[in-house]
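One structure below.
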Amino acid sequence: MKKINVFFQKCCCHLLILCYSVYILFQLLSGLTGFVLDMGLKHQGKLDCKTLSVQEFELVNMIQEGQGWRSQNADPQLLYHLDGYALNLKVKMKFDATPGELDLYYTEKPGEDFDKYRRVWAVQQEDGSYLYTLPRTKIDILRLDPGSAENLGIMIEEITINTPAGIDRYFDLSLNGLFCLLLYPALAAACLQYIITLYTDVRAAHNGKGSFEQ
């Protein structure tokens, strides 16, 4: 019983370090695994970088106007049958008004409906383009929503799929990633500390004394 008591005391002293170490190790292994999987798909020719023309998409709620397009309502869409894998989608487009949300939806199976759980948001790049990073899953249909405003003028200059991915695809280096790094291990350590304390108190109450020693 004394050995168990010593074990718990050591855990309490090093819980925070332990939780941070486990979290960082998990993130490293997860990132490296993702990198290896992507390299395998690239070797099979399933992640080739390719420029797509607007004509390859099915346009919904959009009409052509000169060299561009105009939304007929607040839900313009471009549908692309991928039936494969994609690292990302990069789109260069301009608008004649505030576009609103710029979402990219995807389905994983034929006949599946689009929903908010299979959606990624645009991150504007330094060159003004919008980059959508996709999860590592087989995708059936991509649905690009170039804005969420009615009567919106849209000029789509270029659409590229599977642009070379940077380290941020495999390791979250954003402010959100830093926040998670600071929060989750500390929260896990606090929860484990609470469980250990609770267990110690229950054992102490069961033994009728304030320690494990008998």
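Just so it is clear, the values below take in all heavy atoms, side chains as well, and ignore hydrogens, waters and symmetry mates.
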Distance-only, no hydrogens or angles: does the R70 side chain make a donor-acceptor pair with backbone N or O of N151 under 3.5 Å? yes
NZ of K50 to OG1 of T163: how many Å apart, nearest 0.5 Å? 14.0 Å
Treating Ile, Leu, Val, Met, Phe, Trp and Tyr as nodes and any side-chain heavy-atom pair under 4.5 angstrom as an edge, say whether F179 and F171 lie in one connected cluster. yes
When rounded to the nearest 0.5 angstrom, what is the spacing between CG in D140 and CG in D83? 6.0 Å
Do Y106 and L41 belong to the same hydrophobic cluster, where Ile, Leu, Val, Met, Phe, Trp and Tyr are linked whenever their side-chain heavy atoms lie under 4.5 Å apart, directly or via other members? no
Check the hydrophobic clustering (I, L, V, M, F, W, Y; side-chain heavy atoms under 4.5 Å; chains of links allowed) and say if L142 and V54 are grouped together. yes
Is there a chain of hydrophobic side chains (I, L, V, M, F, W, Y, each step under 4.5 Å between heavy atoms) that links L131 to Y105? no
Closer than 3.5 angstrom, by distance alone: can the side chain of D115 be matched with the main-chain N or O of Y117 as a donor-acceptor pair? yes
Same cluster (ILVMFWY, side-chain, under 4.5 Å), L87 and F35: no
Between the main-chain N or O of E108 and the side-chain N or O of E112, is there a donor-acceptor pair closer than 3.5 Å? yes
Any donor and acceptor pair, going by atom type alone, linking the side chain of T33 with main-chain N or O of L29 inside 3.5 Å? yes
Is there a donor-acceptor pair under 3.5 Å between the side chain of N162 and the backbone N or O of D48? yes
Atom CG of L144 and atom CD1 of I159: how far apart are they, to the nearest 0.5 Å? 6.0 Å
Please report the C-alpha distance between D145 and R143 in whole Å, then the side-chain angles of each, then the deciding distance to 0.1 Å, and finally whether the salt bridge (Lys or Arg N to Asp or Glu O under 4.0 Å) criterion is met. CA-CA 6 Å; D145 290 8; R143 191 190 99 188; 2.7 Å; yes
Gap separating the OH atom of Y85 from the CD atom of Q44, nearest 0.5 angstrom: 8.5 Å
Rounded to the nearest 0.5 Å, how far apart are CG of L59 and CD of Q72? 10.0 Å
Is the number of heavy atoms from other residues, nucleotides or ligands under 6.0 Å of F114 CZ greater than 12? yes
S21 (side chain) donor-acceptor with I17 (main chain) under 3.5 angstrom: yes
Sidechain-backbone polar pair: D103 side chain, W121 backbone, donor-acceptor under 3.5 Å: no
Would you say T107's side chain and I141's backbone share a donor-acceptor pair under 3.5 angstrom? yes
Side chain R118, main chain D113, donor-acceptor under 3.5 Å: yes
So if I apply the salt bridge (Lys or Arg N to Asp or Glu O under 4.0 Å) rule between E157 and each of K94, K92, K90, which one comes out positive? K94
Test item: N88 side-chain N/O and Y132 main-chain N/O as donor-acceptor pair under 3.5 Å: no
If you draw a 6.0 Å radius around CD in Q64, do more than 12 non-hydrogen atoms from other residues or ligands fall strictly inside? yes
Rounded to the nearest 0.5 Å, what separation is found between the CG atom of L52 and the CD1 atom of I156? 11.5 Å
Pair S148-E101, side chain to side chain donor-acceptor pair (under 3.5 Å): steps then yes or no: CA-CA 6 Å; S148 56; E101 288 190 5; 5.7 Å; no
Parallel, tilted or perpendicular, judged at 30° and 60°: which one describes the rings of Y80 and F57? tilted
